[in-house]
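One structure below.
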Amino acid sequence: MDYFYRNNNIYFKQDDFTLCETLDCGQAFRWQLIGTDTYQGFNSSNPLTISKQNDCFVLYNTSEEDFLNIWCDYFDLKTDYKMLKSKFSGDETLKAACNFAPGIRLLRQDKWEALCSFIISQNNNIPRIKGIINRLCEMYGKKTDFGYAFPLAETLAGLKQGDLAPIRAGFRERYILDAAKKVALGEIDLENIATLPCDDARKELMKICGVGIKVADCTLLYGMYRIEFFPVDVWIKRVLEQYYPCGLPDCIKGYEGIAQQFLFHYIRNL
DNA sequence: GCCCAGGGAATCG
DNA sequence: CGATTCCATGGG
């Protein structure tokens, strides 16, 4: 990874990476556009301001240590997306999807945040998902100079039914609380689930009330980088009906989740 | 006003 | 089992 450190900032070049395509393609809900090609957000409880200036990405107020240990991993900078997109291009639809938003990368997000976020996502639209999550963070997340971190499971586990009414999550409130309690008590061990075989991992997550196959798959994909999962929501269902009536192409084998992200963004913005 | 949203639980046949 | 219905809310 080629980079340099100057005046408290990290600078690096990276192909196959566009901030708006990666941060605003529906995989993460907390990145905010605060200026030209400049976003502010968090990985777990680590805040970051990132922007693109000319051909260089800039991470503000970031040490080399944090870049290498946190952000390199979060933005999946070690994965060869040129190779992936070339594989995907064996299929015409995917080729179009990759060309449509060639700067998408799959973020390696926090496990608990992904679980909680995708519980909130069910039967909901993205602008409202963002609103609910922002209110949740403002009420129960730790305050930092750059906004509020995502609330800990332990914090939410102490709440009772109705405490979350102000965030207006609707019927999802009891799901959030159930997930928080099971995670905080260790009844659901997210670190361990990340290592389990597909069916076991899914089954374990689905012990949480409000977690079905789709939310489980999203948690595994976005929170645990289990890229063999291919979450199917209403948009992807349309992709399958329209383009893949006979099943998914072999060229995505082993990378189904990354292909899914390109397809999801493509069908939604067609 | 109306339709629908990155679904899942509860209920019914 | 599979199919239906209900859930709470508000963006577009």
Side-chain angles (χ1 to χ4, degrees), chain A residues 20-33 97 100-101 104-136 138-139 150 159-183 188 201-244 248 252 256-270:
Chain A
C20 63
E21 289 173 353
T22 292
L23 300 177
D24 208 19
C25 67
Q27 58 176 326
F29 305 101
R30 293 249 295 144
W31 287 93
Q32 277 189 299
L33 184 66
F100 180 77
I104 290 178
R105 304 179 81 85
L106 195 82
L107 298 170
R108 298 182 188 240
Q109 302 183 62
D110 175 71
K111 298 174 180 63
W112 158 246
E113 177 169 344
L115 169 61
C116 195
S117 296
F118 282 94
I119 284 173
I120 291 169
S121 80
Q122 68 183 75
N123 194 232
N124 212 341
N125 57 66
I126 291 180
R128 201 167 83 90
I129 295 165
K130 289 181 177 177
I132 292 170
I133 292 175
N134 278 329
R135 289 190 289 276
L136 180 66
E138 284 170 14
M139 278 192 75
F150 198 86
L159 303 181
K160 36 186 210 307
Q161 203 52 237
D163 287 345
L164 284 182
I167 75 168
R168 305 195 294 280
F171 62 85
R172 305 165 193 84
E173 171 173 352
R174 71 186 179 96
Y175 301 162
I176 298 169
L177 296 183
D178 188 59
K181 278 170 187 148
K182 287 182 168 134
V183 169
I188 296 290
R202 233 187 209 162
K203 204 190 308 173
E204 200 57 28
L205 284 167
M206 287 168 64
K207 286 181 181 171
I208 299 165
C209 183
V211 176
I213 291 177
K214 197 275 176 176
V215 172
D217 287 6
C218 283
T219 304
L220 284 154
L221 177 59
Y222 300 112
M224 304 177 183
Y225 202 73
R226 291 289 295 269
I227 56 177
E228 69 270 42
F229 284 89
F230 186 92
V232 178
D233 71 320
V234 294
W235 295 98
I236 292 294
K237 211 166 282 173
R238 288 167 195 154
V239 171
L240 295 178
E241 286 167 7
Q242 195 172 336
Y243 299 108
Y244 303 110
L248 291 167
I252 68 170
E256 290 84 349
I258 296 180
Q260 187 266 14
Q261 192 58 48
F262 282 99
L263 292 169
F264 175 76
H265 188 251
Y266 180 58
I267 193 79
R268 284 191 72 233
N269 294 283
L270 220 47

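Lettering of chains follows the sequences in order, A, B, ..., and the numbering in each one begins at 1. Basis for what follows: all heavy atoms, side chains included, without hydrogens, waters or symmetry-related copies. Just so you know, these numbers come straight off a predicted model, no measurement behind them.
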Between the protein and nucleotides 9-13 of chain B, list the N/O to N/O atom pairs that are separated by less than 3.5 angstrom.
residue	atom	partner	partner atom	Å
dA9(B)	OP1	Gly210(A)	N	3.2

Flag, side chain of [X] to backbone of [Y], donor-acceptor distance under 3.5 Å:
X         : Y         : result
Asp163(A) : Lys160(A) : yes
Arg168(A) : Arg135(A) : no
Asn269(A) : His265(A) : yes

- If the plane angle is over 60° it's perpendicular, under 30° parallel, otherwise tilted; pick one for Tyr266(A) and Phe100(A). perpendicular
- Answer yes when Lys182(A) and Asp178(A) have at least one side-chain N-carboxylate O distance shorter than 4.0 Å, and no when they do not. yes
- Considering only NZ, NE, NH1 and NH2 on the basic side and carboxylate oxygens on the acidic side, decide whether Asp233(A) and Lys214(A) come within less than 4.0 Å.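 No, Asp233(A) and Lys214(A) are not salt-bridged.
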Between [N] atom [atom2] and [X] atom [atom1], what is the distance in whole Å?
X         : N      : atom1 : atom2 : value
Arg128(A) : dG7(B) : CZ    : P     : 12 Å
Asn269(A) : dA5(B) : CG    : C1'   : 15 Å
Gln122(A) : dC4(B) : CD    : P     : 19 Å
Ile236(A) : dG7(B) : CD1   : P     : 11 Å
Asn123(A) : dC4(B) : CG    : C1'   : 8 Å
Phe171(A) : dC4(B) : CZ    : C1'   : 13 Å
Lys237(A) : dC4(B) : NZ    : P     : 14 Å
Lys214(A) : dA5(B) : NZ    : P     : 12 Å

- Tell me whether the OP1 or OP2 atom of dA5(B) has a side-chain N or O from Arg238(A) closer than 4.0 Å. yes
- Message: With heavy atoms of chain A within less than 4.0 Å as the criterion, where does contact along DNA chain C begin and end?
- Response: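 Endpoints of the contacted stretch of DNA chain C: dC7(C) to dG12(C).
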- Item | Side chains of Phe229(A) and Met224(A) in contact at under 4.5 Å (non-hydrogen atoms) | no
- Query: Would you say Ile236(A) and Phe264(A) make side-chain contact, with heavy atoms under 4.5 Å?
  - Reply: yes
Work out which heavy atom in [X] is nearest to a heavy atom in [Y]; give both atom names and the distance.
X         : Y         : result
Leu205(A) : Leu220(A) : CD1-CG, 3.8 Å
Gln122(A) : Arg172(A) : O-NE, 2.9 Å
Ser117(A) : Phe150(A) : OG-CE1, 4.0 Å

- Item | Qualifying residue, where the test is side chain to side chain donor-acceptor pair (under 3.5 Å) with Tyr222(A) and the options are Lys111(A), Gln109(A), Gln261(A), Arg108(A) |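 The side chain to side chain donor-acceptor pair (under 3.5 Å) with Tyr222(A) is passed solely by Gln261(A) among Lys111(A), Gln109(A), Gln261(A), Arg108(A).
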- Message: Applying a 4.0 Å non-hydrogen cut-off, can you work out what Glu173(A) is touching in the nucleic acid: base, sugar-phosphate, or nothing?
- Response: nothing
- Query: Touch check for Pro127(A), heavy atoms < 4.0 angstrom, all strands: base, sugar-phosphate only, or nothing?
  - Reply: sugar-phosphate
- Message: If I pick the P atom on dT11(B) and the same atom on dA8(C), what distance separates them, to the nearest angstrom?
- Response: 14 Å
- Query: For DNA chain B, what string of dots and brackets results from 5' to 3' when Watson-Crick and G-U pairs need both distances under 3.5 Å, crossing pairs get [ ], and pairs with another strand get |?
  - Reply: .||||.|||||||
